[in-house]
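In listed order, ligands and their atoms are each counted from 1. Note: hydrogens, waters and symmetry copies are ignored here, and every other heavy atom, side chains too, is used. Since we're looking at a predicted model, the values are computed, not measured.
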Amino acid sequence: MKKVSDRLNRLAESATLAMARMSRELQAKGIDIIPLSLGEPDFDTPQFIKEAAKKAIDDNFSHYTPVAGLPELRSAIVAKFKRDNDLEYTVDQIVTSTGAKQSLANVCLSLLNAGDEVLMPCPYWVSYAEIVKLAEGVPVEVPSTIDVDFKVTPEQLEACITPNTKMLMFSSPCNPSGTVYTQSELEAIAKMLEKYPQIYIIADEIYEHINFTKKHFSMGSIPSMTDRTITVNGVSKGFAMTGWRVGFIGAPLWIAKACNKIQGQITSATCAIAQKATERAMLAEPRSTTQAMKDTFLNRRDLLVKLLKDIPGIRCNIPQGAFYVFPDISSYFGKSDGETSINNANDLCMYLLNSAHVACVAGDAFGNPECIRISYAAADDKLREAMKRIKKQLEKLS
Ligand code: PMP
Ligand code: GLU
């Protein structure tokens, strides 16, 4: 009998990857889809990083490396954390993985027992809830709304803490809302957490370099949080290296050791060549490498927010980082074009995909079912055309 495990049955397919798959299927049939669903920079990896990888091939970096990564890569990450984030780690506190996604899974599998609760300010990145469930933990959604820029307060978080709370997991800049917590907001959350020493924090900083506010701030740099924070980062977003598959953590030594053990039984180290490319990326002064991409994202954000404001019934805040907008589209719920009824964000996304040929992702999987996520990792003309199509399609709903 072909029967998958209960564990697999409990797991949802990644909503972002599912939408990307559906877009590709329609594109393969010759349909002109504008894919704004996948969170992936549309830039090429910077040339000097590619050169480092080519050199690594010629230098025969073709062997297994230590599970946590090459020592020289981990040293470069230590230097990066110190230079950019005011974080003091030693080399053995760094574990590199096959993407930040694996880093997150390593941490959850290392720390969570069945029934442990994980606080997740909404909206959160799709894979958080599923990774937590895979580790037999319980995702606890802490709601927020667009009116407060999708930020949660220490009081709201504290109201969700129970004796089973083990972790807080969040991204800033946030995927999908683009929300960036300020230093003082994070300090206020840290102050509250000081009362609960049993709670660990996963600070996902993968969008660090796509931050339109003055400065990125790391939760782990707050002295009372250092021993409880796992800082997750990677090269996918800031360095346009999604396909290279390198993410990493800086963590208390015992947690780094635990992640090393888990990874040693599942994947071993990530690709040696990608590690050498990442080492080069980490050693580079970040501004000169990432600033041009960030500037382009900022211009696109402004364009997209302006175009969205022109569509009746869509409410949009102004994201401060990452490359997504997360507008509230709930005013369309209960409407129909005579053939298709829109009852939720999923219906709306499918309607836009099939009728306007624009791919977005429904907010449900991010813990906020009133919204949809639109990625602006696409050229201006694509964004203009996509918004024109969306506007025209939504006009048909009443
Ligand atoms: N965290 C967040 C918030 C993300 O958006 C992503 C995007 N894929 C990841 C982690 C994982 O990134 P990767 O595995 O490509 O390093
Ligand atoms: N993180 C990206 C996104 O949110 C990439 C897809 C994924 O890994 O889920 O779209």
Worksheet item: Do Tyr207 and ligand 2 have an N or O pair less than 3.5 Å apart?
Response: no
Discussion item. Check for me whether Lys294 meets the cation-pi criterion with Phe297, that is, NZ or CZ under 6.0 Å from the six-membered ring centre and within 45 degrees of the ring axis.
Written reply: no
Worksheet item: With backbone taken as N, CA, C and O and side chain as the heavy atoms from C-beta onward, which portion of Met19 lies under 4.0 Å from ligand 2: side chain, backbone, both, or neither?
Response: neither
Fill in: Taking atom 7 (C) of ligand 1 as the reference point, the nearest protein heavy atom with its distance
Lys237 NZ, 2.8 Å
Worksheet entry | atom 8 (O) of ligand 2 - nearest protein heavy atom and its distance | Lys101 NZ, 2.9 Å
Item to complete: Please work out which of the three classes, parallel, tilted or perpendicular, describes the rings of Trp125 and Tyr128, given edges at 30° and 60°.
Response: perpendicular
Worksheet item: Are a donor atom and an acceptor atom from the side chains of Glu136 and Asn113 found within less than 3.5 Å of each other?
Response: no
Practice prompt. Apply salt bridge (Lys or Arg N to Asp or Glu O under 4.0 Å) to Asp84 and list each qualifying residue two or more places apart in sequence or on a separate chain.
Written response: Lys80
Worksheet entry | Smallest separation among heavy atoms of Met225 and Ile201, with atom names | SD-CD1, 3.5 Å
Worksheet item: For atom 13 (P) of ligand 1, which candidate among Ala100, Gly247, Ser97 provides the closest heavy atom?
Response: Ala100
Worksheet item: Should the proximity of Thr242 to ligand 2, defined as any heavy atom under 4.0 Å, be assigned to the side chain, the backbone, both, or neither?
Response: neither
Worksheet, complete the sentence: shortest atom 2 (C) of ligand 2-to-protein heavy-atom contact is with Lys237 NZ, 3.3 Å
Worksheet item: Among all protein non-hydrogen atoms, which one is nearest to atom 2 (C) of ligand 1, and what is the separation to 0.1 Å?
Response: Asp204 OD2, 3.4 Å
Worksheet item: What is the closest protein heavy atom to atom 10 (C) of ligand 1, and at what distance does it sit?
Response: Trp125 CZ3, 3.3 Å
Worksheet item: With Met219, which of Thr231, Asn85, Asp204, Leu193 fulfils side-chain contact (heavy atoms from CB on, under 4.5 Å)?
Response: Leu193
Fill in: Under 4.0 Å to a heavy atom of Asn175 - the qualifying atoms of ligand 1, by number
3 (C), 4 (C), 5 (O)
Practice prompt. Using distance alone, determine whether Thr98 and ligand 1 share an N or O pair under 3.5 Å.
Written response: no
Worksheet item: Where on Gln102 is there a heavy atom closer than 4.0 Å to ligand 1, on the side chain, on the backbone, on both, or on neither?
Response: neither
Item to complete: Report, in ascending order of atom number, the atoms of ligand 1 lying under 4.0 Å from any heavy atom of Tyr207.
Response: 3 (C), 4 (C), 5 (O)
Item to complete: Have a look at ligand 1 and work out which part of Ser236, if any, has a heavy atom under 4.0 Å from it: side chain, backbone, both or neither.
Response: side chain
Worksheet item: Does ligand 2 have a heavy atom under 4.0 Å from the side chain of Thr16, from its backbone, from both, or from neither?
Response: side chain
Worksheet item: Do you know which of Gln102, Gln275, Met282 makes side-chain contact (heavy atoms from CB on, under 4.5 Å) with Phe248?
Response: Met282
Worksheet entry | Proximal ligand 2 atoms for Leu17, defined as those under 4.0 Å from one of its heavy atoms | 6 (C), 7 (C)
Worksheet item: Can you tell if the side chain of Ser5 reaches within under 4.5 Å of the side chain of Asn9, non-hydrogen atoms only?
Response: no
Item to complete: Let me see the working for Arg389 and Ile34 under side-chain contact (heavy atoms from CB on, under 4.5 Å), right down to the final yes or no.
Response: CA-CA 10 Å; Arg389 290 189 196 177; Ile34 303 181; 3.7 Å; yes
Fill in: Partner of Trp244 under side-chain hydrogen bond (donor to acceptor under 3.5 Å, both in side chains), chosen from Thr270, Thr45, Thr98
Thr45
Worksheet item: atom 12 (O) of ligand 1: which protein heavy atom is closest, and how many Å away?
Response: Ile206 CD1, 3.5 Å
Worksheet item: Starting from atom 14 (O) of ligand 1, which protein heavy atom do you reach first, and at what distance in Å?
Response: Arg245 NH2, 2.8 Å
Item to complete: Please list, chain by chain and in numerical order, all residues satisfying ring pair (Phe, Tyr, Trp, His ring centres under 6.0 Å) with Phe217, sequence neighbours excluded.
Response: none
Worksheet item: Taking atom types as modelled and ignoring hydrogens, do the side chains of Asn211 and Thr213 form a donor-acceptor contact shorter than 3.5 angstrom?
Response: yes
Discussion item. Nearest non-hydrogen contact with atom 10 (O) of ligand 2 belongs to which option: Ser14, Ser37, Gly39?
Written reply: Gly39
Fill in: ligand 2 versus Asn175: contacting region, heavy-atom distance under 4.0 Å
side chain
